[in-house]
Novice: 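Below are the C-alpha cells for one structure; questions will follow.
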Amino acid sequence: MYLLKLGIAFVHSKLDPIGYALRLGVQLGRDVKFYGMKPFMFGSEPWLVRIGDQCHITSGCQFVTHDGGTLVIRWRDPTLEITAPIVMGSRVYVGINTIILPGVTIGDDVIIGAGSVVTRDIPSGSVAAGVPARVLKSTDEYFFQSKEKSLGLGHLPAAEKELALREFFMDFIGPQEEVTE
C-alpha cells in the first residue's frame with residue numbers, strides 16, 4: 001500500500017506540482033514554479049512551509065520543518081520536539097539540491113546557490129550559498145556581474161533560445177546534423 005501511495009504521489013508531483021503542494025497544505029503565493037518536484041520534498045509538516053510570489057524551486061530541494069536528531073536523545077526527555085515553520089519571501093530562486101532547515105526565513109529577492117544548506121535566516125536582497133549557506137553578495141552586485149556575462153538571450157522562447165545557444169557555442173559542440181522523422 002505504501003508503494004502505491006508513493007507512486008501516486010510521484011505522478012501527482014510531476015503532472016501538477018502546484019496542486020500537489022497545495023493539497024499537502026503548503027502555502028503558496030502567485031506564480032510559483034517547481035522544476036523537478038519530488039514527493040516528500042516538504043517533509044512531514046508541509047503545512048509549515050510558506051512560499052511567496054514568483055519563486056523558483058529547483059529539483060532535489062528539501063524543506064525540513066523538524067529536527068529528527070532529537071529522536072536519539074528523547075529518552076532523556078520524552079517531550080523533546082523541535083519543529084518550526086519555513087518562510088520564503090517573494091522572488092526567490094532556490095538552486096538544485098538545496099536543503100532548508102526548520103525556523104528559517106528567507107527574505108524577498110534572494111538567490112540560494114545549488115547544494116546549499118540553509119540553517120539560518122537569509123536577508124532580502126541577498127545571494128547566499130554554501131554549507132552552511134552564508135550571504136556572498138547582494139542581488140544588485142549579482143545583477144551587474146550577470147549583465148557583464150550575459151549572452152542577451154533570456155527573453156527568447158525555449159526553442160529559439162536553444163537555436164541561438166547552439167549557434168553561439170558552435171565551436172564547442174561542432175556542426176549538428178538535423179534530425180528528420
Side-chain angles (χ1 to χ4, degrees), residues 9-67 83-162 165:
F10 179 77
V11 169
H12 284 273
S13 67
K14 295 291 182 194
L15 296 178
D16 181 16
I18 298 296
Y20 177 71
L22 290 171
R23 280 190 298 282
L24 292 176
V26 177
Q27 300 170 53
L28 295 178
R30 295 181 316 273
D31 199 26
V32 174
K33 303 266 191 290
F34 291 101
Y35 306 94
M37 177 189 272
K38 294 182 179 173
F40 311 112
M41 74 183 289
F42 297 107
S44 55
E45 299 88 20
W47 57 90
L48 288 177
V49 176
R50 181 181 304 152
I51 299 173
D53 299 335
Q54 299 172 337
C55 291
H56 301 264
I57 316 296
T58 60
S59 178
C61 291
Q62 292 286 298
F63 294 80
V64 182
T65 55
H66 66 275
D67 182 344
T83 300
I86 294 171
V87 178
M88 182 180 297
S90 293
R91 296 169 309 282
V92 175
Y93 176 87
V94 183
I96 193 168
N97 293 328
T98 292
I99 300 170
I100 303 172
L101 295 181
V104 166
T105 296
I106 299 171
D108 296 333
D109 302 307
V110 170
I111 298 165
I112 306 291
S116 296
V117 178
V118 184
T119 61
R120 59 182 167 255
D121 293 355
I122 305 295
S124 293
S126 298
V127 175
V131 179
R134 64 182 180 84
V135 174
L136 303 176
K137 61 182 87 173
S138 73
T139 50
D140 285 342
E141 290 172 299
Y142 179 78
F143 172 76
F144 290 115
Q145 290 169 354
S146 297
K147 282 288 281 182
E148 290 177 14
K149 298 177 186 177
S150 177
L151 301 177
L153 306 174
H155 66 291
L156 296 176
E160 287 180 46
K161 185 177 186 177
E162 181 178 347
L165 285 169

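Every value quoted in this text rests on a predicted model; they were computed, and no experiment measured them. One is the number of the first residue; the rest follow in order along the sequence.
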Novice: Under 4.5 Å between any side-chain heavy atoms of Ile86 and Leu48, yes or no?
Specialist: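 No, their side chains stay 4.5 Å or more apart.
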Novice: With no hydrogens and no angle check, is any side-chain donor or acceptor of Asp53 less than 3.5 Å from a backbone partner on Arg30?
Specialist: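 Side chain of Asp53 to backbone of Arg30, a donor-acceptor pair under 3.5 Å: yes, one is there.
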Novice: Checking Asp121 side chain against Thr105 main chain: does a donor-acceptor pair fall under 3.5 Å?
Specialist: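 Indeed, once roles are kept as given, a pair shorter than 3.5 Å links the two residues.
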Novice: Let me see the working for Val32 and Ile18 under side-chain contact (heavy atoms from CB on, under 4.5 Å), right down to the final yes or no.
Specialist: CA-CA 8 Å; Val32 174; Ile18 298 296; 4.3 Å; yes
Novice: Passes side-chain contact (heavy atoms from CB on, under 4.5 Å), Ile51 versus Phe63? Steps please.
Specialist: CA-CA 11 Å; Ile51 299 173; Phe63 294 80; 4.1 Å; yes
Novice: Under 4.5 Å between any side-chain heavy atoms of Glu45 and Thr83, yes or no?
Specialist: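 Yes, close enough: below the 4.5 Å cut-off.
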Novice: To the nearest 0.5 Å, tell me how far Gln54 CD sits from Lys33 NZ.
Specialist: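 Reported to 0.5 Å precision, the distance equals 8.5 Å.
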Novice: Within this structure, what is the CG-OH distance for the pair Leu136 and Tyr142, rounded to the nearest 0.5 Å?
Specialist: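 Between atom CG of Leu136 and atom OH of Tyr142 there are 11.5 Å.
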Novice: What pair of heavy atoms forms the shortest contact from Gln27 to Trp47, and how long is it?
Specialist: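 So the two residues come closest at NE2-O, 3.3 Å.
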Novice: So, Thr98 side chain and Gly113 main chain: donor-acceptor pair closer than 3.5 Å or not?
Specialist: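 Yes, the answer is positive, given that a donor and an acceptor are paired below the 3.5 Å cut-off.
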Novice: Which residue pairs pass the salt bridge (Lys or Arg N to Asp or Glu O under 4.0 Å) test with at least one member in residues 142-151, sequence neighbours excluded?
Specialist: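 Sorted result for residues 142-151: empty, none.
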Novice: Distance from Ile122 atom CD1 to Asp108 atom CG, nearest 0.5 Å?
Specialist: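 Those atoms lie 13.5 Å apart.
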Novice: Can you label the angle between the Phe34 ring and the Phe42 ring as parallel, tilted or perpendicular, going by 30° and 60°?
Specialist: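 Rings of Phe34 and Phe42: perpendicular, over 60°.
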Novice: Check whether any side-chain heavy atom of Val104 lies under 4.5 Å from a side-chain heavy atom of Thr119, and answer yes or no.
Specialist: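 A side-chain contact is absent here, since even the closest heavy-atom pair is not under 4.5 Å.
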Novice: Report yes or no: does Ser116 contribute a side-chain atom to a donor-acceptor pair with the main-chain N or O of Ala133 at less than 3.5 Å?
Specialist: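 Side chain of Ser116 to backbone of Ala133, a donor-acceptor pair under 3.5 Å: no, none is there.
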Novice: How many angstroms lie between CD1 in Ile112 and CD1 in Ile99, if you round to the nearest 0.5 Å?
Specialist: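 Output value for this atom pair is 13.0 Å.
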Novice: Are the side chains of Pro123 and Val135 in touch, meaning some heavy atoms are under 4.5 Å apart?
Specialist: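 The answer is yes; the side chains approach within 4.5 Å.
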Novice: To the nearest 0.5 Å, how far apart are CD1 in Ile111 and OG in Ser138?
Specialist: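 Atom-to-atom, Ile111:CD1 and Ser138:OG are 9.5 Å apart.
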Novice: Check residues 151-161 and write down every donor-acceptor pair under 3.5 Å in which the side-chain atom is one partner and the other belongs to a residue at least two apart or another chain.
Specialist:
none

Novice: Taking the side chain as C-beta and beyond, is there a heavy-atom pair between Lys38 and Gln62 under 4.5 Å?
Specialist: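 They are not in side-chain contact.
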Novice: Report yes if some heavy atom in the side chain of His66 is under 4.5 Å from a heavy atom in the side chain of Ser44; otherwise report no.
Specialist: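 Side-chain contact under 4.5 Å: yes.
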Novice: What do the steps show when you test Ile57 against Met41 for side-chain contact (heavy atoms from CB on, under 4.5 Å), and what is the final call?
Specialist: CA-CA 11 Å; Ile57 316 296; Met41 74 183 289; 3.7 Å; yes
Novice: Mind checking the CZ-OG spacing from Arg134 to Ser126? Nearest 0.5 Å is all I need.
Specialist: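 Arg134 CZ to Ser126 OG: 12.5 Å, rounded to 0.5 Å.
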Novice: I'd like to know if the side chain of Thr58 and the backbone of Ile96 have a donor-acceptor N/O pair within less than 3.5 Å.
Specialist: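 Checking the backbone N and O of Ile96 against the side chain of Thr58, a donor-acceptor pair under 3.5 Å is found.
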Novice: Considering only heavy atoms from C-beta outward, does the side chain of Cys55 approach that of Arg91 to under 4.5 Å?
Specialist: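 Result no, sub-4.5 Å side-chain heavy-atom pair not found.
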Novice: Testing Leu24, Val26, Leu28 for side chain to side chain contact (heavy atoms under 4.5 Å, CB included) with Val49, which one passes?
Specialist: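 For Val49, the side chain to side chain contact (heavy atoms under 4.5 Å, CB included) test succeeds with only one of Leu24, Val26, Leu28, which is Val26.
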